[in-house]
Asks: 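Pasting a structure below so you can have a look.
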Amino acid sequence: MPPCRQQPHDLFTDSLDLWGLFASSFISSTLLPGGSEVVLGYLVNTATYPVWLLLLVATLGNGLGAA
């Protein structure tokens, strides 16, 4: 697995990526259909964030959406 590429992003764009993953995971765990796997796969493929961070955000979204 390739290491994370260091790309210059501003804080606003970085938060939108992670908030988008969280929202997608949250919606997917409720009654509404969502595509959190697609969002997670895209962000893993871009290698902008560490995989552990993406899994943590997706897990939090799924857990809170199911509660």
Side-chain angles (χ1 to χ4, degrees):
M1 188 180 295
C4 292
R5 288 178 263 150
Q6 296 298 324
Q7 298 177 353
H9 282 81
D10 61 3
L11 185 60
F12 185 71
T13 304
D14 287 346
S15 335
L16 281 180
D17 290 344
L18 294 177
W19 278 111
L21 176 60
F22 178 83
S24 177
S25 299
F26 186 88
I27 291 169
S28 292
S29 65
T30 61
L31 297 176
L32 302 173
S36 64
E37 293 85 3
V38 174
V39 176
L40 179 61
Y42 171 76
L43 290 174
V44 167
N45 191 34
T46 61
T48 305
Y49 304 98
V51 175
W52 66 265
L53 178 61
L54 297 173
L55 290 174
L56 178 67
V57 170
T59 301
L60 286 172
N62 277 316
L64 291 175

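Numbers for residues simply follow the sequence, beginning at 1.
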Asks: Establish whether Val44 and Trp52 are linked, either directly or via other cluster members, by ILVMFWY side-chain heavy-atom contacts under 4.5 Å.
Replies: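 Same cluster.
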Asks: What are the two closest heavy atoms between Ser24 and Ser36, and how far apart are they?
Replies: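 Minimum heavy-atom separation between Ser24 and Ser36: OG-CA, 3.0 Å.
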Asks: For residues 58-67, please give each side-chain donor-acceptor pair under 3.5 Å, one per line with the distance, not counting sequence neighbours.
Replies:
| residue | atom | partner | partner atom | Å |
| --- | --- | --- | --- | --- |
| Thr59 | OG1 | Leu55 | O | 2.7 |
| Asn62 | ND2 | Ala58 | O | 3.2 |

Asks: Among all residues two or more places apart in sequence or in another chain, which pass the ring pair (Phe, Tyr, Trp, His ring centres under 6.0 Å) test with Phe26?
Replies: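 Expected list: none.
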Asks: Do Thr48 and Leu43 touch side chain to side chain, with heavy atoms closer than 4.5 Å?
Replies: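 The answer is no; the side chains never approach within 4.5 Å.
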Asks: Among residues at least two apart in sequence or on other chains, which ones pass side chain to side chain contact (heavy atoms under 4.5 Å, CB included) with Val57?
Replies: Leu18, Leu21, Phe22, Leu53
